[in-house]
Asker: 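The structure under discussion is supplied below as structure tokens; questions concerning it will follow.
FYI, side chains are in, hydrogens and waters are out, and symmetry mates aren't considered; it's all heavy atoms of this structure. Only a predicted model underlies this, so the values are computations on that prediction, with no experimental measurement involved.
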Amino acid sequence: MPHQISAVYERMLIQKPLRFVLADDPGAGKTIMAGLLLKELIVREEVRRCLIICPSTLVEQWQDELQQKFYLDFEILTGEKINSSGNVFAEVNRAVVSIDILARNKNLQDKLRATNWDLIICDEAHKMSATVWSNEVKYTKRFRLGRVLSKITRHFLLLTATPHNGKEEDFYLFMSLIDPDRFEGAKRIRTVVDVSDIMRRLVKEDLLTFEGKPLFPERRAYAVNYNLSPKEMELYEMVTAYVSDGFNRAERLKGNKKRP
């Protein structure tokens, strides 16, 4: 697709080194773009060692797509495989591994720190975000892992359809995985940072075919009125009352507790 070609050849390949967030909407084919980038970098002899980090449910999907569409063989690093090796990260050049296997195990992160990679790709990268509560940063295990990964690779690509959760502080923390010098503390000093050179986000309405036609059908939302039967109305009112009471009760309890 045109947007996939432009992402790889007009945005990512021109960056030396590549430190980038690809944040197109779901369905844009971010896996395909990452695979195309990887293939190009291999052909140009810029990448020999590549590590892909993703949720456990996507590990086999990544392996299959890279093999079927780009003829690239990647080894899945299971817990058994990792435990049976001295340092499997030093022994394999192309691997896919679950983010939680690494995030939960400090010993594995120490082994990672002893290695260097040409390219690391993180899928569903928003899972590595941190949060700010009352001007205090709450670092997650996944975020700390992201920092480790950022330091041991030349090229670093983050894939996510939801880079921003609505809080500028959290967004800048997430972007600090790409460039800590540029984003660390940016919100604290009330600085607006331009991210257009290191992040691309296209929504579905922006995606076109080679003929210039919308890739996805236009979305039209409208309300549909319908009548409830007496029993359906009774159930609706009972559930509504329960949710309202339960929500208010939860809010009162939360107000009486100090945030962790």
Side-chain angles (χ1 to χ4, degrees), residues 1-55 57-74 93-96 99 117-128 146 149-150 153-164 171 174-175 177-179 182-183 193-219:
M1 293 289 101
H3 65 276
Q4 296 171 338
I5 294 173
S6 65
V8 175
Y9 292 95
E10 296 175 13
R11 296 299 305 275
M12 293 193 284
L13 278 175
I14 62 175
Q15 296 199 24
K16 307 291 182 180
L18 173 71
R19 316 287 290 189
F20 200 80
V21 178
L22 185 58
D24 292 352
D25 259 0
K30 289 186 285 296
T31 304
I32 297 300
M33 290 182 257
L36 183 57
L37 171 75
L38 172 58
K39 190 77 172 184
E40 282 286 348
L41 291 175
I42 291 174
V43 170
R44 300 179 188 201
E45 298 185 345
E46 291 188 38
V47 166
R48 183 177 69 90
R49 286 171 50 77
C50 177
L51 182 65
I52 296 173
I53 314 292
C54 62
T57 55
L58 300 178
V59 167
E60 292 185 359
Q61 179 179 322
W62 267 95
Q63 183 190 49
D64 291 343
E65 291 207 22
L66 289 173
Q67 204 289 319
Q68 294 172 11
K69 294 182 171 64
F70 299 98
Y71 306 105
L72 296 172
D73 293 325
F74 273 73
N93 289 328
R94 297 178 188 171
V96 188
I99 183 174
W117 299 84
D118 300 313
L119 170 64
I120 293 181
I121 301 172
C122 296
D123 196 9
E124 299 290 325
H126 57 274
K127 295 181 181 295
M128 295 192 303
L149 299 173
S150 180
T153 183
R154 170 173 167 77
H155 302 296
F156 196 34
L157 176 61
L158 304 184
L159 309 179
T160 174
T162 53
H164 204 303
F171 177 65
F174 175 66
M175 294 301 293
L177 295 176
I178 291 293
D179 189 342
R182 183 171 172 183
F183 293 97
V193 182
D194 180 18
V195 300
S196 59
D197 59 323
I198 57 173
M199 186 178 88
R200 189 185 86 162
R201 175 160 177 76
L202 295 181
V203 297
K204 287 186 176 179
E205 289 76 10
D206 297 328
L207 306 184
L208 305 174
T209 66
F210 283 106
E211 293 75 29
K213 298 178 180 179
L215 185 61
F216 292 93
E218 181 183 358
R219 289 180 286 186

Asker: Give a yes or no on whether the backbone of A28 and the side-chain of Q4 come within a donor-acceptor separation of less than 3.5 Å.
Answerer: yes

Asker: Is the closest basic N to carboxylate O distance between R200 and D24 below 4.0 Å?
Answerer: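 Yes, charged N to carboxylate O under 4.0 Å.
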
Asker: Are any non-hydrogen side-chain atoms of H3 and D206 less than 4.5 angstrom apart?
Answerer: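 H3 does not reach D206 side chain to side chain.
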
Asker: Is Q67 atom CD crowded by more than 12 heavy atoms from other residues, nucleotides or ligands, each under 6.0 Å away?
Answerer: yes

Asker: What's the verdict on side chain to side chain contact (heavy atoms under 4.5 Å, CB included) for L13 and R44, showing C-alpha distance, side-chain angles and the deciding distance?
Answerer: CA-CA 11 Å; L13 278 175; R44 300 179 188 201; 3.5 Å; yes

Asker: How far apart are the closest heavy atoms of L149 and I53, and which atoms are they?
Answerer: CD1-CG1, 3.9 Å

Asker: Could you give me the CA-CA distance, side-chain angles and deciding distance for L207 and M1, then say whether side chain to side chain contact (heavy atoms under 4.5 Å, CB included) is met?
Answerer: CA-CA 9 Å; L207 306 184; M1 293 289 101; over 6 Å; no

Asker: If you define the side chain from C-beta out and look only at heavy atoms, does anything of V96 sit under 4.5 Å from C54?
Answerer: yes

Asker: Check whether any side-chain N or O of D118 sits under 3.5 Å from a backbone N or O of C50 as a donor-acceptor pair, and report yes or no.
Answerer: no

Asker: If you measure from CG on L38 to OG1 on T31, what distance do you get to the nearest 0.5 Å?
Answerer: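 Output value for this atom pair is 12.0 Å.
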
Asker: Does E40 reach the main-chain N or O of Y9 with its side chain, forming a donor-acceptor pair under 3.5 Å?
Answerer: no

Asker: Partners of H164 by ring pair (Phe, Tyr, Trp, His ring centres under 6.0 Å), sequence neighbours excluded?
Answerer: F171

Asker: Compare every heavy atom of P26 with every heavy atom of K204, then report the nearest pair and how far apart it is.
Answerer: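 Taking K204 first and P26 second, the nearest heavy atoms are CE-O, 2.9 Å.
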
Asker: At their closest point, which heavy atom of P163 faces which heavy atom of F174, and how far apart are they?
Answerer: O-CD2, 4.0 Å

Asker: Let's go through D25 and R201 carefully: what are the C-alpha distance in whole Å and the side-chain angles of both, what is the deciding distance for salt bridge (charged side-chain N to carboxylate O under 4.0 Å, His left out) to 0.1 Å, and is it a yes or a no?
Answerer: CA-CA 7 Å; D25 259 0; R201 175 160 177 76; 3.0 Å; yes

Asker: If you apply the rule side chain to side chain contact (heavy atoms under 4.5 Å, CB included), what do you find for M128 with L158, and how did you get there?
Answerer: CA-CA 10 Å; M128 295 192 303; L158 304 184; 4.0 Å; yes

Asker: With distance as the sole test, does R19 use its side chain to make a donor-acceptor pair with the main-chain N or O of S150 at under 3.5 Å?
Answerer: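 The answer is yes, because a donor-acceptor pair under 3.5 Å joins these two groups.
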
Asker: Identify the heavy atoms of L18 and H155 that sit nearest to each other, and give their distance.
Answerer: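 Minimum heavy-atom contact is N-ND1, 3.0 Å.
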
Asker: Of L159, T160, I99, L58, which is the lone residue that meets side-chain contact (heavy atoms from CB on, under 4.5 Å) with E124?
Answerer: L58

Asker: Nearest 0.5 angstrom please: E60 CD to E65 CD, how far?
Answerer: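 Reported to 0.5 Å precision, the distance equals 12.5 Å.
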
Asker: Which atom pair, heavy atoms only, marks the closest approach of A34 to I121?
Answerer: CB-CD1, 4.1 Å

Asker: Does K39 qualify as a cation-pi partner of F70, given the criterion of NZ or CZ under 6.0 Å from the six-membered ring centre and within 45 degrees of its axis?
Answerer: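 Verdict for F70: no cation-pi partner in K39.
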
Asker: Rounded at 0.5 Å granularity, tell me how far CD in Q63 sits from CG in L66.
Answerer: 9.0 Å

Asker: Just by distance, do the side chain of S6 and the backbone of E10 share a donor-acceptor pair under 3.5 Å?
Answerer: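 No, because the side chain of S6 does not come within donor-acceptor range (under 3.5 Å) of the backbone of E10.
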
Asker: Evaluate I198 against R182 for side chain to side chain contact (heavy atoms under 4.5 Å, CB included), listing each step before the verdict.
Answerer: CA-CA 11 Å; I198 57 173; R182 183 171 172 183; 3.9 Å; yes

Asker: Given 3.5 Å as the limit, does a donor-acceptor pair link the side chain of R154 with the main chain of I120, or not?
Answerer: no

Asker: For the atom pair CZ (F20) and CD (Q15), what is the distance rounded to the nearest 0.5 Å?
Answerer: 6.0 Å

Asker: Nearest 0.5 Å, please: how far is CD1 in I42 from CG in L37?
Answerer: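 The distance works out to 9.5 Å.
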
Asker: Measuring from R94:CZ to L51:CG, what's the distance to the nearest 0.5 Å?
Answerer: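 Answer rounded to 0.5 Å: 13.0 Å.
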
Asker: Inspect the contact between K16 and E46 and indicate whether a charged nitrogen and a carboxylate oxygen are less than 4.0 angstrom apart.
Answerer: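 Counted as a salt bridge, because a side-chain N and a carboxylate O are separated by less than 4.0 Å.
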
Asker: Checking the side chain of N93 only, and the main-chain atoms of R48 only, is there a donor and an acceptor separated by less than 3.5 Å?
Answerer: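 No, because the side chain of N93 does not come within donor-acceptor range (under 3.5 Å) of the backbone of R48.
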
Asker: Compare all side-chain heavy atoms of C122 with those of F156 and state whether any distance is below 4.5 angstrom.
Answerer: yes

Asker: To check you understand the geometry: which heavy-atom pair defines the closest contact between K127 and P55, and what is its length?
Answerer: CE-CG, 3.8 Å

